[in-house]
Protein chains: 4
Amino acid sequence: MTATEPAAAAARDRRGELLGTAAEVFAEQGYNATTVRKIADHAGMLAGSLYYHFDSKESMLEEILRTFLDELWDGYDAVLGAALGPRETLEALVTESFREIDRHRAAVAIYQKESKQLVAQERFAFLAESQRRFEKAWLSTLERGVAERAFRADLDVRLTYRFVRDTVWVAASWYRPGGQHSPEEIARQYLSMVLDGIAVRE
Amino acid sequence: MTATEPAAAAARDRRGELLGTAAEVFAEQGYNATTVRKIADHAGMLAGSLYYHFDSKESMLEEILRTFLDELWDGYDAVLGAALGPRETLEALVTESFREIDRHRAAVAIYQKESKQLVAQERFAFLAESQRRFEKAWLSTLERGVAERAFRADLDVRLTYRFVRDTVWVAASWYRPGGQHSPEEIARQYLSMVLDGIAVRE
Amino acid sequence: MTATEPAAAAARDRRGELLGTAAEVFAEQGYNATTVRKIADHAGMLAGSLYYHFDSKESMLEEILRTFLDELWDGYDAVLGAALGPRETLEALVTESFREIDRHRAAVAIYQKESKQLVAQERFAFLAESQRRFEKAWLSTLERGVAERAFRADLDVRLTYRFVRDTVWVAASWYRPGGQHSPEEIARQYLSMVLDGIAVRE
Amino acid sequence: MTATEPAAAAARDRRGELLGTAAEVFAEQGYNATTVRKIADHAGMLAGSLYYHFDSKESMLEEILRTFLDELWDGYDAVLGAALGPRETLEALVTESFREIDRHRAAVAIYQKESKQLVAQERFAFLAESQRRFEKAWLSTLERGVAERAFRADLDVRLTYRFVRDTVWVAASWYRPGGQHSPEEIARQYLSMVLDGIAVRE
DNA sequence: CATGAATGAGGGTTCATTCAT
DNA sequence: AATGAATGAACCCTCATTCAT
């Protein structure tokens, strides 16, 4: 270890802190409505000072989303590589999603709200790539489930995909970490509704 | 009929057209990212000309949302006043919601994306009022359903409320009117998933 | 007399009315702060309609000021041509000025407030011409008065000119026609102060 | 003394410079006709840069007028608190006024031209307050003077108040600091006219 | 690392003016 | 004569960004 490493680690931490602050403000006010000055206020510095740490407001957004998606895919890939049955896969994906919402609430909220406009930009092409992988993972799981009679035969798979996807991620808009339900508990209840429905079985 | 009535009707139509155009652009690009010039471009006029018809960009947004909510509540009130059982009420509310998404897709999308920031403003306090009524209508329907054993006894009613609410309205982000499914058809499939779940019954 | 003359007279009257309205608004709110729309509102018509009667906002201002100055000079020329002594000339000019304030209060107020900026424009060069004649008339009267020992020998004539000029015209800013003092009465009191001062003579 | 004090002093100076520039342009062109860009041009910067120092064009105007009135009242209060006779008070007030015109020519000119419209606004209510105090100070001085036989018994005190007030302040429209007459010299001549009149005493 | 001051590109809005009806 | 709708230039202001200190 050289003497510069602790300094480098401190710098990394500062970046992380600042990104966290930025993510919170982006999530709460919307990316466009968030001024660089507001972020700086929350961080206790002046707007110009942020440019020592980051190239631009957009690069902060990019880093926030990239970090989130990298971690999300670490979790998803572990699930998808585990060779589970379709129902278990779906359960694991949903649970993993709620865990990500718990850890990256702000990033998820930003993603939900802004990704549709952002994908059009070259710089955020990685969002489209992620969406394609996401769709493929879910669709194949659902199709496998229908084929293996784990899921109902009459499902419109694309519609169901959108149903489950939205249903899970929109939760980021109201979820508050540290609330009375753990992510796993919320996942369990969501899965119960999605899998078995809310109606009483006759 | 006086001679001025056709002119007044024409003026109303023009307003309506312009609001439709504005709603589309707001929905597609986001309210903040939409410049008045973009709206004017879409309408084939200059930015300043819009101010002959409207007081401000914000007043356009307000009128779009007010018109949508007024119509929505016309439909909802009819359902709620019909004294249906809880399951039928839920079915009717969901179906009505998809009809509104069909008729006011842009307004619904705007509502979904912007209402959280907007309610903080005095001018958009009517959104909060609508949300309260909305929540009350759904919660009471769900509670009634649990009491009457139409819905499962183990439901977390608040969680279920959010689940169903989001599930329905998020559809506005991908729904395209004139597609292959009618709103009623989509409502039917959503209801099938929400009520009976996607898993095969053993 | 042809049949068109009454119509022409009516048109002249309408112009006069509109100019009177415009002058009032200009005087009250300032020329720049007065929008064409405000004038039209006061006249009970739409902004565009004014352009049937006048070429531009500026041409309204010009006509208001020209009409006022024409009448003012009619009065002044009568006084100056009457071959009075310097003190009597001064008294007559001041009295005439208060009569003009009474008749053209709005125009005088506009003149006071705006002429300094306006003279720079070609179109309003007539204001400069009027100011030159004005200055000449007053200076020569004062100089004559000093020479003939009607006015004090120690007067700084230019300073006195500005003193008397401002003192009189500024009255337009608070004068209200139809108040308790007639213009002649106000003139008398002003003259008493200007000629004899406000201090008690020992 | 800390190290930050010189910086704070420099910032104060910059504000002062900019306000001086703005006041000059406001005085010359009128508040409404003055664009923020023109001020910035005179200050050698871009329009947007002014907003680093000031909240708005209006706040610049407010600060200019407040600063002027604060200083004016410092001077007036000293005079009024000195327990002079009415004639000496009047002389001192007039002299003080010309000194203020000398120091704040631009602000006085702006005040003269704009205050009538401005008082209507909440933000400029302090102008009305100042006017009330001003009127009270002058009226009581004049009344005292009449009672103590320093001023003529036949004065219409309100009319005289307006006469003197206008007489003094209008001078700001032509006065140029650094000209051949000092403010005290001009005050002396004005007082001579106001107190003793311009006519020869018989 | 952070500040203070400035840049420059837009953004929402106003308004005198035009013109077909 | 007057209306209704539109134009286009300009205006005040915001904000991401830069940079010397």
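In what follows, every heavy atom counts, from backbone to side chain, and hydrogens, waters and symmetry copies are set aside. Throughout, protein chains are lettered first and strands after them, A, B, ... in sequence-line order, and every chain is numbered starting at 1. Predicted model, so just to flag it, every value in this text is computed and none were measured.
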Would you mind writing out the side-chain donor-acceptor pairs for residues 118-125 of chain D within the sub-3.5 Å range, not counting sequence neighbours?
unit_1   : atom_1 : unit_2  : atom_2 : d
D/Arg123 : NE     : D/Glu62 : OE1    : 2.4
D/Arg123 : NH1    : D/Glu58 : OE1    : 3.0
D/Arg123 : NH2    : D/Glu62 : OE1    : 3.0

Legend entry - Among F/dA1, F/dG4, E/dT3, the nucleotide that comes nearest once only the side chain of C/His53 is considered: F/dA1

Inset, instruction - Grab the stems for DNA chain E, please: at least three consecutive Watson-Crick or wobble pairs, both distances below 3.5 Å, written as range with range. - result: E:2-21 with F:2-21

Inset, instruction - Could you state the atom-to-atom distance from CG of B/Leu46 to C1' of F/dA10 in whole Å? - result: 14 Å

Legend entry - Integer-rounded Å distance: F/dC13 P and D/Ile39 CD1: 10 Å

Inset, instruction - Take the protein atom CZ of D/Arg15 and the nucleotide atom P of E/dA6, then report the distance between them rounded to whole Å. - result: 13 Å

Legend entry - Interatomic distance where CE belongs to D/Met45 and C1' belongs to E/dG8 [whole Å]: 13 Å

Legend entry - Phosphate-side-chain proximity, D/Tyr52 and E/dA6, N/O vs OP1/OP2 below 4.0 Å: no

Inset, instruction - Figure out the CZ/P separation between D/Phe54 and E/dA6, and round it to whole Å. - result: 11 Å

Inset, instruction - Write out all pairs satisfying salt bridge (charged side-chain N to carboxylate O under 4.0 Å, His left out) with one or both partners inside residues 36-51 of chain C, taking only residues at least two apart or from two chains. - result: none

Legend entry - Whole-Å distance separating the CG atom of C/Leu50 from the P atom of F/dG4: 14 Å

Inset, instruction - Report, as yes or no, whether the 6.0 Å neighbourhood of atom CD on D/Glu71 holds more than 12 heavy atoms from other residues, nucleotides or ligands. - result: yes

Legend entry - Residue B/Arg14, side-chain heavy atoms: nucleotide from F/dA6, E/dA2, E/dT7 that is nearest: F/dA6

Inset, instruction - Would you check if D/Asn32 and D/Gln117 make a side-chain contact, meaning some heavy-atom pair closer than 4.5 Å? - result: no

Legend entry - nucleotides 15-21 of chain F: protein proximity per nucleotide (B base, S sugar-phosphate only, - neither; heavy atom, under 4.0 Å): SSBB---

Legend entry - pair C/Ser173-C/Lys113: side-chain heavy atoms closer than 4.5 Å: no

Legend entry - Summary of ring pair (Phe, Tyr, Trp, His ring centres under 6.0 Å) pairs that have at least one residue in residues 24-51 of chain C, sequence neighbours excluded: C/Phe26-C/Tyr31

Inset, instruction - For the pair C/Ser130 (side chain) and C/Phe126 (backbone), establish whether a donor and an acceptor sit closer than 3.5 Å, ignoring hydrogens and angles. - result: no

Inset, instruction - Decide yes or no for C/Leu50 and C/Lys57: does some side-chain heavy atom of the first lie under 4.5 Å from some side-chain heavy atom of the second? - result: no

Inset, instruction - Kindly write out the residues that satisfy side chain to side chain donor-acceptor pair (under 3.5 Å) with B/Glu63, not counting sequence neighbours, or none if the list is empty. - result: B/Arg15

Legend entry - Atom-pair distance (CG on C/Asp41; P on E/dA16), nearest Å: 12 Å

